[in-house]
Amino acid sequence: NRRPWFHPQELDIASEGRTLAVKPAAAHVCGMNDMSPGRAAEISSAVPPQPRAYSGFNWPGFRTLYLREVKRFWKVGTQTLAAPVVTSLLYMMVFVVAVGGARPDVHGVPFATFIAPGLIMMTILNNAFANSSSSLLQAKVNGLVGDFMTPPLTPLEHVAGFALGAATRGLAVGAVTWIAVLPFADLPLTHLWAVLYFAVAASLILGMLGMMAGLWAEKFDHMAAVTNFIIMPMTFLSGTFYLVDRLPEPFRTASHFNPFFYLIDGFRYGFIGQAEGSLVTGIGMTAGIAVAFAFVCLWMFETGYKLKT
């Protein structure tokens, strides 16, 4: 099988001032033993094309991966945006309409105002985790890992693309849920910085946790185990619907080691101006976890953990 006379790599070689062997004028194919010394020297001087080097951050590749993640959940908005809002509204109806009238004020605010920020944060956590974990697991199961491993993207660009894509979904669902619960609860915006910081931190942390789970899992049963036995218990046992200080020991102390507690508590502080735990501890813990998760994700992509095997 002869190769075609036109070789695309000649474009790269010509642009770099290198030379490549010219097609022989003879109509027949000569054996290697019949090659003239001049022809042999010409072939030996040819340099094969080198891989293209991308200096700095590959912004076009990163933007493509990020938009891929965003369009992936936006295309099925009924499932990814509308369904979590309906679930949150059902919680509001059960805890506020059904039993809220018999509940006293919490931290000086109505019970509906107390639990609404927790429901919003819960949707942010669950959807940020679901976006990155399902994207990576489905790519592995369907044999589509090459779609994002073949392009010239560094581990940093991979982590940034998947994490920001997951954060976008988490924040989008949280914003829609915020609007949906307004008829049931009055949400005064007391500290905007706390709302923004803990919402962004939560979406990034759970997005990177979803990346780690998606790279580790080999089938959907593994992902279901992580969701049902880790994510959901930590979310519900973090003070979403109650005051942690009212729990008996040792559950009260154990709740203060739950990072989800600080995410929800800090986010609620941005609305009602009251916090159960230490804001300084919450800010430091969330920042530390985000940095640690980022390094773990970078290592997993750098080594090709369960991607190149």
Side-chain angles (χ1 to χ4, degrees), residues 70 73 80-81 84-85 87-89 91-92 95-96 105-132 163-210 231 234-245 255-256 258-291 293-294:
V70 172
F73 77 81
T80 57
L81 295 177
V85 174
T87 302
S88 299
L89 291 178
Y91 279 122
M92 289 293 294
F95 286 96
V96 177
D105 291 350
V106 182
H107 279 318
V109 298
F111 182 67
T113 304
F114 174 80
I115 69 169
L119 288 174
I120 298 172
M121 176 57 74
M122 188 170 67
T123 60
I124 294 175
L125 296 172
N126 291 335
N127 284 273
F129 175 84
N131 195 78
S132 55
L164 291 178
T168 301
R169 174 177 170 180
L171 294 175
V173 176
V176 176
T177 305
W178 183 355
I179 297 173
V181 300
L182 286 178
F184 299 91
D186 181 21
L187 288 177
L189 192 59
T190 306
H191 301 285
L192 179 61
W193 69 267
V195 174
L196 295 177
Y197 174 81
F198 286 100
V200 173
S203 58
L204 288 176
I205 289 174
L206 267 294
M208 289 185 286
L209 182 61
I231 303 299
M234 292 182 68
T235 303
F236 278 92
L237 300 178
S238 57
T240 304
F241 306 106
Y242 55 86
L243 288 173
V244 172
D245 291 341
S255 296
H256 287 273
N258 182 0
F260 287 12
F261 162 73
Y262 291 99
L263 292 172
I264 294 176
D265 189 50
F267 188 73
R268 180 182 288 129
Y269 169 81
F271 289 99
I272 68 175
Q274 299 287 337
E276 288 188 83
S278 171
L279 285 176
V280 176
T281 303
I283 293 173
M285 177 178 289
T286 53
I289 292 175
V291 173
F293 281 8

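- Annotation for Leu89 and Ala180: closest pair CD2-O, 3.5 Å, computed over non-hydrogen atoms.
- By the side-chain hydrogen bond (donor to acceptor under 3.5 Å, both in side chains) test, His256 pairs with no residue at all, sequence neighbours left out.
- No option in Ile115, Leu187, Leu125 other than Leu187 meets the side-chain contact (heavy atoms from CB on, under 4.5 Å) test with Ile120.
- The CZ atom of Arg268 sits 12.0 Å away from atom CG of Leu263, with the distance rounded to the nearest 0.5 Å.
- Here CZ of Phe261 is found 5.0 Å from CD of Glu276. Values are rounded to the nearest 0.5 Å.
- Of the possible donor and acceptor atoms, one in the side chain of Ser132 sits under 3.5 Å from a partner among the backbone N and O of Gly207.
- When all heavy atoms of Ala112 and Ala185 are compared, the closest pair comes out as O-CB, 3.5 Å.
- With sequence neighbours excluded, the residues forming a side-chain hydrogen bond (donor to acceptor under 3.5 Å, both in side chains) with Tyr197 are Thr286, listed by chain and number.
- The aromatic rings of Trp178 and Phe271 sit perpendicular to each other, their planes meeting at more than 60°, with 30° as the lower class boundary.
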| request: Applying side-chain contact (heavy atoms from CB on, under 4.5 Å), run through Phe241 and Leu119 and close with a yes or a no. | output: CA-CA 8 Å; Phe241 306 106; Leu119 288 174; 3.5 Å; yes

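- Asn258 contributes a side-chain N or O that, together with a main-chain N or O of Met234, makes up a donor-acceptor pair within less than 3.5 Å.
- Closest heavy-atom contact between Gly118 and Ile264: CA-CG2, 4.0 Å.
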| query | After noting the C-alpha distance and the side-chain angles of Asn126 and Ile231, does the key distance pass the side-chain contact (heavy atoms from CB on, under 4.5 Å) rule? | reply | CA-CA 8 Å; Asn126 291 335; Ile231 303 299; 3.7 Å; yes

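- The closest donor-acceptor contact from the side chain of Ser88 to the backbone of Thr177 lies at 3.5 Å or more, if one exists at all.
- The two residues Thr113 and Pro188 have their closest heavy-atom pair at CG2-CD, 4.2 Å.
- Annotation: the span from Phe198 atom CZ to Ile283 atom CD1 amounts to 5.0 Å, rounded to 0.5 Å.
- Here the shortest heavy-atom pairing between Tyr269 and Ala194 reads CD2-CB, 3.9 Å.
- With rounding to the nearest 0.5 Å, the separation of CZ in Phe73 from OG1 in Thr168 is 6.0 Å.
- From Leu204, atom CG reaches atom CG of Leu171 across 8.0 Å, with rounding to the nearest 0.5 Å.
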| task | Step by step, work out the side-chain contact (heavy atoms from CB on, under 4.5 Å) result for Phe260 and Met121. | result | CA-CA 9 Å; Phe260 287 12; Met121 176 57 74; over 6 Å; no

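- With sequence neighbours left out, the side-chain hydrogen bond (donor to acceptor under 3.5 Å, both in side chains) criterion links Thr190 to no other residue.
- Residues Arg169 and Asn127 come closest through the heavy atom pair NH2-OD1, 3.3 Å.
- Here the CG atom belonging to Asp265 is positioned 10.0 Å from the CD atom belonging to Gln274, to the nearest 0.5 angstrom.
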| side-chain contact (heavy atoms from CB on, under 4.5 Å) between Tyr242 and Leu237, worked out | CA-CA 9 Å; Tyr242 55 86; Leu237 300 178; 4.1 Å; yes

